[in-house]
Protein chains: 2
Amino acid sequence: MSKKHVQKPAPKPQASVAITEAEWDIMELLWEKSPRTSQEIVSLLEEGRGWKRATVVTLLARLTAKGALNTEPQGNRFLYTPAVERSACVAEETRSFLDRIFGGALQPLVAHVAEHHSLTKKDIAELKALLEQIKPNS
Amino acid sequence: MSKKHVQKPAPKPQASVAITEAEWDIMELLWEKSPRTSQEIVSLLEEGRGWKRATVVTLLARLTAKGALNTEPQGNRFLYTPAVERSACVAEETRSFLDRIFGGALQPLVAHVAEHHSLTKKDIAELKALLEQIKPNS
DNA sequence: CGAAACTGACTACATTTGTAAACATGAGCA
DNA sequence: TGCTCATGTTTACAAATGTAGTCAGTTTCG
């Protein structure tokens, strides 16, 4: 491994990277367990998604390039680890989704879901319980 | 207006069309009030978004083409009206968002928001009130 | 009536995204 | 040592998306 395997350092250390839909699948696997080799990820997604190895590898490269993954050389391959926290990405997505569709507020979303996606009695109970535990933040 | 202004009929009557982020801005304006002329929409978005007329018109055309808008000729121009309901689009977006990020469930989202975007006491109260009114759907 | 203003249609183009083939190189096995 | 396999890199390409210029009819105002 002389001049190969010399991917440019992630542009931005960690911050908030935008994860696309397809990339999300890969991140989930790594958030769930890491590090992993590309091989592992490839086989998981060949089955689960029907993706070709090349596809998965491309996505791994893109994620690495944009600083969403860290790689550690191991022999002639890499071990991949998330470089961003799941919760940060989730926060990002949530924020942008709420802003775009519900003016940034949570209530309208809950109201919408309640109306259109039907919540079970159990769901409602759980949500209430959830709200009980929350400590107001301001 | 002889052979001009003959846009092909919307492929799918109404169903669920995918509205892109930019298009969303236009739809919002029309959901809020319709019909409107392109002129109206253009000026609103020139200010609000800094978009050029051509941009807005392109988006109107795309939306019409994909069946998200209905047009009614009026002189040499059109009156634009939504052909899809806002709530249907919101439902679509919400569904896909929840699926992608939260496994389709609402609770994890609420939990996440509670933790990361801080809810005020008022927010929590409102949410509780909201839950009170909801009639379980199964 | 003629020119200006307006309107939708057509064309354009860079970027992003999904999807993948081809390639080169290093590693392990025969 | 030579060959095959695994692995990352390069290149490709279509569709979607954001953003907009230009053009050709229409309408309207002087």
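Proteins come first, then strands; the chains are lettered A, B, ... in the order of their sequence lines, and each starts at number 1.
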Round to a whole Å and report the spacing from CG of B:Leu79 to P of C:dT7. 12 Å
Can B:Asp123 and B:Thr120 be counted as having a side-chain donor-acceptor contact under 3.5 angstrom? yes
A:Glu72 CD to D:dG8 P, in whole Å, measures 13 Å
Would one find a side-chain N or O of A:Thr20 under 4.0 angstrom from OP1 or OP2 of C:dG18? yes
For A:Asn70 and D:dG8, what is the distance between atoms CG and C1' respectively, to the nearest whole Å? 17 Å
Please give, in whole Å, the distance from D:dG18 P to B:Trp24 CH2? 13 Å
Between CZ of A:Arg53 and P of C:dA21 the distance, given in whole Å, is 10 Å
Determine, for A:Glu132 against A:Lys128, whether the closest basic-nitrogen to carboxylate-oxygen distance falls under 4.0 angstrom. no
Taking for each residue the nucleotide of DNA chain D bearing the nearest heavy atom, is the 5' side occupied by B:Leu59 or by A:Val57? A:Val57
Scan the side chains in residues 45-56 of chain A for donor-acceptor partners under 3.5 Å anywhere in the protein, sequence neighbours excluded, and list what turns up.
{"from": "A:Arg49", "atom 1": "NE", "to": "A:Asp25", "atom 2": "OD2", "distance (Å)": "3.4"}
{"from": "A:Arg49", "atom 1": "NH1", "to": "A:Asp25", "atom 2": "OD2", "distance (Å)": "3.4"}

Is there a side-chain polar atom (N or O) of B:Thr58 under 4.0 Å from OP1 or OP2 of D:dT19? no
Looking only at side-chain N and O atoms, does B:Ser38 come under 4.0 Å of OP1 or OP2 in C:dG8? yes
Between atom CG in B:Asn76 and atom P in D:dT27, what is the gap in whole Å? 5 Å
Whole-Å distance separating the CD1 atom of A:Ile19 from the P atom of C:dT16: 15 Å
Ranking B:Arg62 and B:Ala54 by the position along DNA chain D of their nearest nucleotide, the one closer to 5' is B:Arg62
Which word best sums up how the rings of A:Phe97 and B:Phe97 line up, parallel for under 30°, tilted for 30 to 60°, or perpendicular for over 60°? parallel
Rounded to the nearest angstrom, tell me the gap between atom CD1 in A:Ile26 and atom C1' in C:dA20. 13 Å
State whether A:Gln39 places a side-chain N or O below 4.0 Å from either non-bridging phosphate oxygen (OP1 or OP2) of D:dA6. no
Does a side-chain heavy-atom distance below 4.5 Å link B:Arg36 with B:Leu79? no
Within less than 4.0 Å of OP1 or OP2 of D:dA20, is there a side-chain N or O belonging to B:Trp51? no
